[in-house]
Amino acid sequence: MFNKKSFALLAALPLLIACTDPVSTSSSNTSHEDEKEVFTNPIVQRSMDAFLKGFRMEGTITQSRRLADSTNQNLETNTYYTTIAFNSDTENAYYKYSYQYDAELGGELPIEGPYIFFEGEDGYAYQETINASNEVTKEPAKVGTTIGSDLTFADNGFYNFFSILIDSDFTLDESSGNRFDLNIDKAGLISNNLLYSLNSGTYGLPSEAYLLASNEMFSELHITMEPLTSYDSMANQYYIIDNTISFTLLDAGKETIEHLEAYPETEDGKVLSDAFKTYTDDVSYKLTVDNSYTVTDLNVENPVPSSHEEISDYYFTTDKAMYIHDRASKEDASLDKASDYYLAPNANNRLQAYKYDGNSFVAYEGNITEGEGDDALIRFPSTYNNYYTYSDMTPDIAMVSGSLFDKNSETNAYEAKEELISTLASALSITKRPYLLEAVSLNGIASIDVTINSDNSLTIVMPYGYIDTLATGIYQGKVSLTYSLGDYTISGLTA
């Protein structure tokens, strides 16, 4: 059964399978549910009765690229191991996972997914996720980005492709007795949905497409595409792209895609949930962020990694203000008025920055930009001034469910479930810039371990690794977050 709890890769999907289908598919099973298509060949009839309810298929999509000249030299061949499944009996759902295999790079290299789409009652596609509170939520599928247009299910390649086939689309190869050639135009719709992401929206027709049957049921799908010609303007070179598709058809008549379910609550999970609930917006506490890392410069030959450590103390106060102390050294946690600053709500409940002027802390309206003169002391650019509320800045730790962690009996640490690491990393840390950690922003967190200390403070350790957004350096390190309760007020911290 396919259920996203089994997979770690739950990042937002770059929707690549947009519809190329000129045939109306506004209801995935319309032609067969309403018109009850009759198939003259008993193998086709038996197969269609089953496959229209649901199935999965496993196989390969192979793409090769060769020079479009007299040499016809083959330049590369890529094999994409792919699994696709459809539910189309009691509901409509679509699953896909495609990867390449490279032993030197660690085995499976995901190309697409795994992801699952369900069709809602309104005909639009949605995905299910488990949030940091262990609640199953429905997220509308979008075109391209989260702010794009909603995706309809049937018209975006998620429909069961057997639903567009009619009796005349199958031609029995009399010489074999078990090969059924498919209508080329219909096979083109099927293949272009399968190949959209690889061909970047370039379409073509198959040179041949057929189904093989065994035990009186379709068992294999094979499609060979007509060669595509592609031009690379940078290389000033034409290439020929060859695509072949080969799948084994499995679980005919079965709906193998499952809905997500919240994780069951455990005694250990309840203990951790209660510890998290301590840190609400109504209490005062300190969050210490210790970020220790190395940077490997990708622009230097034979680079030597440089080591860094940045430690900041964030005080969230009873008067709903935020005091920031960036430590000069790991050992020195004492506050320093000259370099510290705080954010407090203005009349509109927006956070205003306050900086020490030598006599007292005063509202600062200037260009608070890191690295410019005295303003290098403050890590709060003016673009954020009077923009955030206090609740924007506080971590969402109080709403995190301990059920999303498993307790290690040897270390007594609570280890985050792998598939929820990205979600939990965001909930456990500050997510607003300029305090958002790049390791969290770029989904670079590898694991999360939470320890409840003897004084009831919490230590959260998150190892990470990522390449920065400009691809200039490799960052590897570990973030330690320490939450501890205290009686903090701005007047007390600035006295």
Enquirer: Within the distance-only criterion (no hydrogens, no angle test), does the side chain of R46 pair as donor or acceptor with the backbone N or O of E216 below 3.5 angstrom?
Expert: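 Side chain of R46 to backbone of E216, a donor-acceptor pair under 3.5 Å: yes, one is there.
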Enquirer: Any side-chain heavy atom of D173 sitting closer than 4.5 Å to one from Y210?
Expert: no
Enquirer: Check whether any side-chain heavy atom of P434 sits under 4.5 Å from a side-chain heavy atom of Y384, and report yes or no.
Expert: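 Yes, side chains in contact.
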Enquirer: Check the angle between the aromatic planes of F170 and F218 and answer parallel, tilted or perpendicular using the 30° and 60° thresholds.
Expert: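 Parallel: the ring planes of F170 and F218 meet at under 30°.
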Enquirer: Is there a side-chain contact between D242 and T62 in this structure, where contact means two heavy atoms from C-beta onward sitting under 4.5 Å apart?
Expert: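 Side-chain contact under 4.5 Å: no.
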Enquirer: Are F161 and Y159 near enough that their ring centres are under 6.0 Å apart?
Expert: no
Enquirer: Which is it for V136 and E261 under the side-chain contact (heavy atoms from CB on, under 4.5 Å) test, yes or no, and what are the steps along the way?
Expert: CA-CA 7 Å; V136 178; E261 294 181 358; 5.5 Å; no
Enquirer: Is the number of heavy atoms from other residues, nucleotides or ligands within 6.0 Å of CD (E76) greater than 12?
Expert: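 Check passes, neighbour count above 12.
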Enquirer: Around atom OH of Y124, are there more than 12 heavy atoms from other residues, nucleotides or ligands closer than 6.0 Å?
Expert: no
Enquirer: State whether the number of non-hydrogen atoms from other residues, nucleotides or ligands found under 6.0 Å of D122 atom CG is greater than 12.
Expert: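 Correct, the count exceeds 12.
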Enquirer: Any donor and acceptor pair, going by atom type alone, linking the side chain of T129 with main-chain N or O of N131 inside 3.5 Å?
Expert: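 A pair under 3.5 Å: no.
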Enquirer: side-chain contact (heavy atoms from CB on, under 4.5 Å) for I223 and E208? Distances and angles first, verdict last.
Expert: CA-CA 6 Å; I223 301 175; E208 70 170 356; over 6 Å; no
Enquirer: Taking the side chain as every heavy atom from C-beta outward, state whether N408 and D449 have any atom pair closer than 4.5 Å.
Expert: no
Enquirer: Within the distance-only criterion (no hydrogens, no angle test), does the side chain of S191 pair as donor or acceptor with the backbone N or O of A187 below 3.5 angstrom?
Expert: yes
Enquirer: Regarding D281 and T394, do their side chains bring together a donor and an acceptor under 3.5 Å, going by distance alone?
Expert: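 The answer is yes; a qualifying pair exists.
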Enquirer: Answer yes or no: is there a donor N or O on one side and an acceptor on the other, between the side chain of T411 and the main chain of A413, under 3.5 Å?
Expert: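 Present.
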Enquirer: For the ring pair Y464 and Y466, is the centre-to-centre distance below 6.0 Å?
Expert: yes
Enquirer: Flag the pair F117 / Y126 as yes when their ring centroid distance falls below 6.0 Å, and as no otherwise.
Expert: no
Enquirer: Compare all side-chain heavy atoms of Y97 with those of T82 and state whether any distance is below 4.5 angstrom.
Expert: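 Y97 does not reach T82 side chain to side chain.
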Enquirer: Does any N or O in the side chain of E415 come within less than 3.5 Å of the main-chain N or O of I448, such that one atom is a donor and the other an acceptor?
Expert: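 Here the side-chain-to-backbone pair does not exist.
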Enquirer: Determine whether F86 and F158 satisfy the following criterion, ring pair (Phe, Tyr, Trp, His ring centres under 6.0 Å), listing intermediate values before the conclusion.
Expert: CA-CA 8 Å; F86 300 91; F158 305 144; 9.6 Å; no
Enquirer: So F276 and V450, do their side chains get closer than 4.5 Å, heavy atoms only?
Expert: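 Yes, at least one pair of side-chain atoms sits under 4.5 Å.
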Enquirer: Are H308 and T294 close enough that some pair of their side-chain heavy atoms sits under 4.5 Å apart?
Expert: no
Enquirer: Between R179 and D181, does any side-chain N to carboxylate O distance fall below 4.0 Å?
Expert: yes
Enquirer: Any chance you could lay out the side-chain contact (heavy atoms from CB on, under 4.5 Å) test for V295 and I474, step after step, and finish with the verdict?
Expert: CA-CA 6 Å; V295 182; I474 299 174; over 6 Å; no
Enquirer: Whether the side chain of N41 engages the backbone of L172 through a donor-acceptor N/O pair (distance < 3.5 Å, no angle test) should be reported.
Expert: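 No, N41 side chain to L172 backbone: no donor-acceptor pair under 3.5 Å.
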Enquirer: Is there a side-chain hydrogen bond (donor to acceptor under 3.5 Å, both in side chains) between H222 and T224? Walk through the geometry before answering.
Expert: CA-CA 7 Å; H222 298 274; T224 301; over 6 Å; no
Enquirer: I'd like to know whether the aromatic ring centres of Y99 and Y80 sit less than 6.0 Å apart in this structure.
Expert: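 Y99 vs Y80: aromatic centres not under 6.0 Å.
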Enquirer: Whether K417 engages the ring of Y263 as a cation-pi pair (distance to the six-membered ring centre under 6.0 angstrom, angle to the ring normal within 45°) should be assessed.
Expert: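 That pair qualifies as a cation-pi contact.
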Enquirer: Under the 3.5 angstrom rule, does the side chain of S246 hit a backbone N or O of T60 as a donor-acceptor pair?
Expert: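 A pair under 3.5 Å: no.
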Enquirer: State whether the side chain of Q45 and the backbone N or O of T40 hold a donor-acceptor pair below 3.5 Å, judged by distance alone.
Expert: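 Looks like no, no N/O pair under 3.5 Å.
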Enquirer: Just wondering, more than 12 heavy atoms not from K478 lying within 6.0 Å of its NZ?
Expert: no
Enquirer: Indicate yes or no for a side-chain donor-acceptor contact from N348 to the backbone of R350 under 3.5 Å, with no hydrogens or angles considered.
Expert: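 Not a single qualifying donor-acceptor pair exists.
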Enquirer: Apply the test side-chain hydrogen bond (donor to acceptor under 3.5 Å, both in side chains) to residues Q63 and N78: give CA-CA distance (whole Å), side-chain angles for both, the deciding distance (0.1 Å), then the verdict.
Expert: CA-CA 5 Å; Q63 185 174 83; N78 292 303; 5.4 Å; no
Enquirer: Any sub-3.5 Å donor-acceptor pair from D468's side-chain atoms to T472's backbone N or O?
Expert: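 Yes.
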Enquirer: With salt bridge (Lys or Arg N to Asp or Glu O under 4.0 Å) as the test, would you mind laying out the steps for D169 and K186 before giving the verdict?
Expert: CA-CA 8 Å; D169 293 329; K186 294 287 184 68; 2.7 Å; yes
Enquirer: If you measure from the Lys or Arg side-chain nitrogens to the Asp or Glu carboxylate oxygens, is any gap between E438 and R433 under 4.0 Å?
Expert: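 Salt bridge between E438 and R433, a charged N being under 4.0 Å from a carboxylate O: yes.
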Enquirer: Taking the six-membered ring where the residue is Trp, are the ring centres of F118 and H259 under 6.0 Å apart?
Expert: yes
Enquirer: Side chains of Y231 and N236: is there a donor and an acceptor less than 3.5 Å apart?
Expert: yes
Enquirer: Please test Y101 against Y81 for ring pair (Phe, Tyr, Trp, His ring centres under 6.0 Å), starting from the C-alpha separation and ending with a verdict.
Expert: CA-CA 8 Å; Y101 185 83; Y81 300 90; 7.3 Å; no
Enquirer: Without hydrogens or angle criteria, can the side chains of D268 and T266 be said to hold a donor-acceptor pair below 3.5 Å?
Expert: no
Enquirer: Can a donor-acceptor pair be found between the side chains of S64 and T77 at a distance below 3.5 Å?
Expert: no
Enquirer: Does the gap between the ring centers of F405 and Y414 come in under 6.0 Å?
Expert: no
Enquirer: Does a side chain donor of either E119 or N92 reach within less than 3.5 Å of an acceptor in the other side chain?
Expert: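 Result is yes, a qualifying pair exists.
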Enquirer: Are D392 and K432 within salt-bridge range, i.e. N to O under 4.0 Å?
Expert: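 Result for this pair is no, no salt bridge flagged.
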Enquirer: Can you confirm whether T423 sits close enough to I130 that some side-chain heavy atom of one is under 4.5 Å from a side-chain heavy atom of the other?
Expert: no
